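Since the structure is predicted, the reported quantities are computational estimates derived from the model, not experimental observations. This chain uses plain numbering: 1 for the first residue, then up along the sequence.
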Amino acid sequence: MDEVARGGCYVTAALMDSRLGAKPDGAPGQTPATAKLSVREIQVLVEIAEGKGSRQIGELLGISHRTVETHRMNMMRKLGIRKASELVRLAIREGLVSA
């Protein structure tokens with residue numbers, strides 16, 4: 001909740017589960033691609049796909065822009081992706097954001 005006090009955004013576990021397609025029993029409905037990613041990486045992925053830059057994502061999530069860039073690089077490595085635009089396509093395909 002400190003994030004809200006600083007003017008940021010707080011994402012509840014229930015909202016994050018809904019973004020990840022949680023099953024009725026509360027278990028995340030992960031696909032093979034999203035199963036490779038941490039919750040924080042998925043949060044960053046969603047924000048990237050929504051068109052936010054590293055500084056804006058960092059402010060939103062309460063992390064530095066350099067940490068956002070590290071998450072982006074780690075996601076690309078884990079998923080075998082070479083371009084940031086491919087991350088956006090992945091997020092749309094996985095249902096994390098709408099087109």
Let me confirm one number: the [atom1]-[atom2] distance from [X] to [Y], rounded to the nearest 0.5 Å.
X   : Y   : atom1 : atom2 : answer
E59 : H65 : CD    : NE2   : 10.5 Å
M73 : M76 : CE    : CE    : 9.5 Å
K52 : L61 : NZ    : CG    : 9.0 Å

Evaluation steps, side chain to side chain contact (heavy atoms under 4.5 Å, CB included), between V97 and L45: CA-CA 10 Å; V97 295; L45 175 59; over 6 Å; no

Give every donor-acceptor pair under 3.5 Å between a side-chain atom in residues 81-93 and any protein atom, sequence neighbours left out.
none

K36/E41 ion pair, N-O < 4.0 Å: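 So K36 does not pair with E41 through a salt bridge.
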
Working for side chain to side chain contact (heavy atoms under 4.5 Å, CB included), residues H71 and I63: CA-CA 11 Å; H71 284 308; I63 58 178; 4.1 Å; yes

Heavy-atom check, side chain of I48 versus side chain of M75, under 4.5 Å: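 With C-beta onward as the side chain, the pair touches.
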
Pairwise side-chain contact, V44 with L37, heavy-atom cut-off 4.5 Å (strictly under):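 No, their side chains stay 4.5 Å or more apart.
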
Minimal non-hydrogen separation, R72 against S54, with atom names: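 Taking every non-hydrogen atom into account, NH2-OG, 2.7 Å.
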
No-hydrogen, no-angle side-chain donor-acceptor test under 3.5 Å, T70 and T67: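 No, no side-chain donor-acceptor contact under 3.5 Å.
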
Side chain to side chain contact (heavy atoms under 4.5 Å, CB included) between V68 and E47, intermediate numbers included: CA-CA 10 Å; V68 172; E47 300 306 329; over 6 Å; no

CZ (R40) with more than 12 external heavy atoms under 6.0 Å: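 Atom CZ in R40 is crowded, with more than 12 foreign heavy atoms closer than 6.0 Å.
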
